[in-house]
S.K.: 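Got a structure for you, questions after.
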There are 2 protein chains.
Amino acid sequence: MARPEDATAIWSIIEPVVRAGETYTLDQDLSEKDALAYWLGPDKETFVTEEDGTILGTYYMRTNQAGGGRHVCNCGFMTSANATGRGVARRMCEHALAHARSRGYRGMQFNFVVSTNERAVRLWQKLGFETIGRLPLAFHHPAHGYVDALVMFRPL
Amino acid sequence: MARPEDATAIWSIIEPVVRAGETYTLDQDLSEKDALAYWLGPDKETFVTEEDGTILGTYYMRTNQAGGGRHVCNCGFMTSANATGRGVARRMCEHALAHARSRGYRGMQFNFVVSTNERAVRLWQKLGFETIGRLPLAFHHPAHGYVDALVMFRPL
């Protein structure tokens, strides 16, 4: 679990992702305060992954819907810009799948995977997620314009 | 737009839907206060439809995602139990489609239509929505157990 003193490291991971505006549906000018309030919100469990004392990635898990939908969780993953290609996201997702099972969730859903985020799409597919829906032109990418977003799901 | 004095009528429409737990991912024991805070939240525009001074239905519209996803809206519709089968939901959705266009939205997305809610699914299809995804067993129905939920989308 992330500790309060991890906030600075978490923000250093989140900030470039938010500012780029290419993969998350967050306002590009989101402040540090609002970004951390979102990532560490009371509706979420937030984790960090470390190597030699350095935080390389962070993810959150939350219940995706209330009521009759509360057996499905949702997660968001971010890897430090310095640590891409080293399996950090894969390790976090494997942790998340195990943790979700321990929490009794029966499925994990990604509501909005930007279709141009091919590295993420490939990784989620390798980890057993299926693209169960394609939202037509639902994301405005700063470089590519309107592109599709994917809904991905994995039963647990 | 709903006025503060419409709250009692709105709750009388929402309450049986929430208590039934068959169509919305809201906790079945949601209080009046929390239900109204949800339906009339600051992230939403909320409307009512009246006939001879009686409120027969209510819907909300909100931006479905922030950042690069903010050109797609989301709506929720509820019709009074006394007024089903009279075209209230259809009129509300037609109003919503026009209102969404006037707001500059480029699409409308329903994130979670319970597949057993056949009346709603048929109506949305008639109004131009396509089922772009099926969430496997993502809803626990009080009578039918685990059933699929649909993601429906209509470009504007």
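Only heavy atoms go into these numbers, but all of them, side chains included; no hydrogens, no water, no symmetry mates. Order of the sequence lines fixes the chain letters, A, B, ..., with proteins taken first and strands second; residue numbering starts at 1 for each chain.
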S.K.: Decide whether A:Trp11 and A:Tyr59 are clustered together by the hydrophobic rule: side chain heavy atoms of Ile, Leu, Val, Met, Phe, Trp, Tyr closer than 4.5 Å, transitively.
M.R.: no
S.K.: What option among B:Leu26, B:Val72, B:Leu30, B:Thr131 has the most heavy-atom pairs under 4.5 Å with chain A?
M.R.: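 Result: the option with the highest number of such pairs is B:Leu26.
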S.K.: Output the option from B:Arg106, B:Gln28, B:Glu130, B:Arg134 having the highest count of non-hydrogen pairs under 4.5 Å with chain A.
M.R.: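 The answer is B:Arg106.
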S.K.: Need one label for B:Leu137: side chain, backbone, both or neither, based on atoms under 4.5 Å from any heavy atom in chain A.
M.R.: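 For B:Leu137, backbone heavy atoms alone lie under 4.5 Å from chain A.
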S.K.: What distance do B:Asn111 atom CG and A:Gln65 atom CD have between them, rounded to the nearest 0.5 Å?
M.R.: 7.0 Å
S.K.: Please say yes or no: joined through hydrophobic side-chain contacts below 4.5 Å, possibly via intermediate residues, are A:Ile13 and A:Tyr38 part of one cluster?
M.R.: yes
S.K.: Is any side-chain heavy atom of B:Ile132 closer than 4.5 Å to a side-chain heavy atom of A:Leu135?
M.R.: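 B:Ile132 vs A:Leu135: side chains touch.
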S.K.: Tell me if the CZ atom of B:Arg19 is crowded by more than 12 foreign heavy atoms within 6.0 Å.
M.R.: yes
S.K.: Looking only at heavy atoms, which of residues 140-156 of chain A get nearer than 4.5 Å to chain B?
M.R.: A:His140, A:Tyr146, A:Val151, A:Phe153
S.K.: Are there more than 12 heavy atoms of other residues, nucleotides or ligands under 6.0 Å from atom CZ of A:Arg119?
M.R.: no
S.K.: Based on non-hydrogen pairs under 4.5 Å, which of B:Asp27, B:Val114, B:Asn64 is most in contact with chain A?
M.R.: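 Answer, by heavy-atom pair count under 4.5 Å with chain A: B:Asp27.
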S.K.: Using a cut-off of 6.0 Å, state whether more than 12 heavy atoms not belonging to B:Arg91 lie near its atom CZ.
M.R.: yes
S.K.: Has A:Glu5 got more than 12 heavy atoms of other residues, nucleotides or ligands less than 6.0 Å from its CD?
M.R.: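 Atom CD in A:Glu5 is packed in, count exceeds 12.
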S.K.: For B:Gln109, is it the side chain, the backbone, both or neither that has a heavy atom under 4.5 Å from a heavy atom of chain A?
M.R.: side chain
